[in-house]
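Inspection log for the structure reproduced underneath, given as structure tokens.
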Amino acid sequence: MLPFKLVYHPEYDLNLGPHVFPSQKFRLIRDQLVRDGIAGADDFLLPSEASDADLLRVHTPEWVGKLRNGTLTASEVMKLEVPYSLELAKAVWLAAGGSILAGQCAVRDGFGCNLGGGFHHAFANHGEGFCAIHDVAVAIRRLQADGAIRKALVVDTDVHHGNGTAHIFRDDDSVFTISIHQLNNYPAHKPPSDVDLDMADRVEDDEYLETLIPVVTEWLDKFRPDIVFYVGGADPYCEDQLGGLMLTKKGLKERDKRVFQEARKRQIAVATTLAGGYARRVEDTVQIHVNTIVAAREVVEDSGIQRHVATRPG
Ligand SMILES: [Zn+2]
């Protein structure tokens, strides 16, 4: 049994059919966690859809209405880069509910993991790059409205810049945004995050980690957030079809683990979401996302051992 909850819903699947976005990955990740004996039935929580009130703390009524009623214009669908369907709308409402639930679990348990979400290209008034609703922003604003948190730090490790996150929180002092991404990649226009770590093409594990970890550590100390929302992209992987960085699976797991360690060392809650992953072999994308959960478990286990040693009498 895991020391934290996994949030998953069978209808996370965006039902895209053959598409570069492997929308079946959500189910494959869940299945592999069970098959590998990492998680059992009791470890999973089923989210409900976010309410419209939750979405409207982030998105415009016009955009929420268009998604709900299927009245997007042709150019809006083109920008979204995925076909609109009622299943897609349901999936993104559920993903937002899932990130809210993962955030609530994180505040309670230290970690909470949504096996979906991370739709960081969604803006208040439109969707982009496979992202219709910004689940992480919805979750942060809901936790703030409930008084569960005051300040949040978003650490976005997707290979693509977190443009929606940066834009939504541009004037919000209660949310600090860090994005590490490949500079020469989508989106062409990158509204500034609080910290943007622009990686050159073909950067490898060591340079990536040496850039990311000190910055995360610095801002955990300076900003002192109540929660970290971790957008765990699988697409900095060396064999990704939409990415141009050269990280290995080992490096990606190390990335996750070190961010989690730094946050938990400071007793800061960590909510994780997925994000992109377009490896040639979908099994690689699935394994990278599974490793994020394993990294979180290892961080909890390591801290438990330290605490035990520290409190042993004599
Ligand atoms: Zn991406």
Side-chain angles (χ1 to χ4, degrees), residues 12 14 16 19-26 28-29 78-82 88 91-92 95-96 99 114-123 126-137 154-168 177-193 195-205 208 211-212 229-249 251-253 255-256 259 272-292:
Y12 276 178
L14 304 174
L16 301 179
H19 189 282
V20 70
F21 188 105
S23 66
Q24 75 283 19
K25 78 174 180 179
F26 306 108
L28 298 176
I29 293 163
M78 203 146 72
K79 220 167 165 124
L80 197 53
E81 294 187 76
V82 286
L88 176 94
V92 296
S99 288
N114 188 8
L115 301 182
F119 293 119
H120 63 157
H121 300 310
F123 284 68
H126 72 275
E128 276 189 37
F130 320 147
C131 302
I133 289 290
H134 200 306
D135 56 287
V136 169
V154 180
V155 178
D156 185 338
T157 61
D158 191 276
V159 80
H160 305 102
H161 176 260
N163 55 345
T165 321
H167 190 263
I168 288 167
T177 56
I178 298 173
S179 177
I180 181 165
H181 47 263
Q182 183 190 7
L183 181 60
N184 298 319
N185 203 327
Y186 173 92
H189 173 62
K190 299 175 175 62
S193 314
V195 176
D196 279 313
L197 301 170
D198 299 330
M199 299 285 95
D201 301 350
R202 303 185 66 79
V203 157
E204 298 180 10
D205 291 343
Y208 184 98
T211 306
L212 176 66
F229 265 88
Y230 186 70
V231 179
D235 48 12
Y237 181 50
C238 51
E239 291 185 32
D240 197 89
Q241 300 172 89
L242 302 185
L245 300 185
M246 293 300 287
L247 272 70
T248 65
K249 285 186 208 163
L252 289 161
K253 186 179 169 203
R255 169 197 73 175
D256 299 347
V259 171
T272 70
T273 68
L274 309 186
Y278 316 94
R280 280 176 197 85
R281 296 164 10 108
V282 72
E283 306 92 275
D284 290 337
T285 296
V286 169
Q287 185 65 55
I288 293 162
H289 288 310
V290 164
N291 285 347
T292 302

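The structure displayed is predicted, hence computed values, not measured ones. Both ligands and their constituent atoms are indexed starting at 1 by order of listing.
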Side chains of F130 and H160, heavy atoms from C-beta outward: is any pair under 4.5 Å? no
Pairs satisfying salt bridge (Lys or Arg N to Asp or Glu O under 4.0 Å), at least one member in residues 229-245, at least two apart: none
Is there a donor-acceptor pair closer than 3.5 Å between any side-chain N or O of K190 and the backbone N or O of A166? no
Would you please name every residue forming a salt bridge (Lys or Arg N to Asp or Glu O under 4.0 Å) with K253, sequence neighbours left out? E298
Qualifying residues under salt bridge (Lys or Arg N to Asp or Glu O under 4.0 Å), relative to D196, sequence neighbours excluded: none
At a cut-off of 2.8 Å, list the protein N/O/S atoms near the Zn ion (ligand 1), residue plus atom name. D158 OD1, D158 OD2, H160 ND1, D235 OD2
So NE2 of H181 and OG1 of T157: to nearest 0.5 Å the spacing works out to 12.0 Å
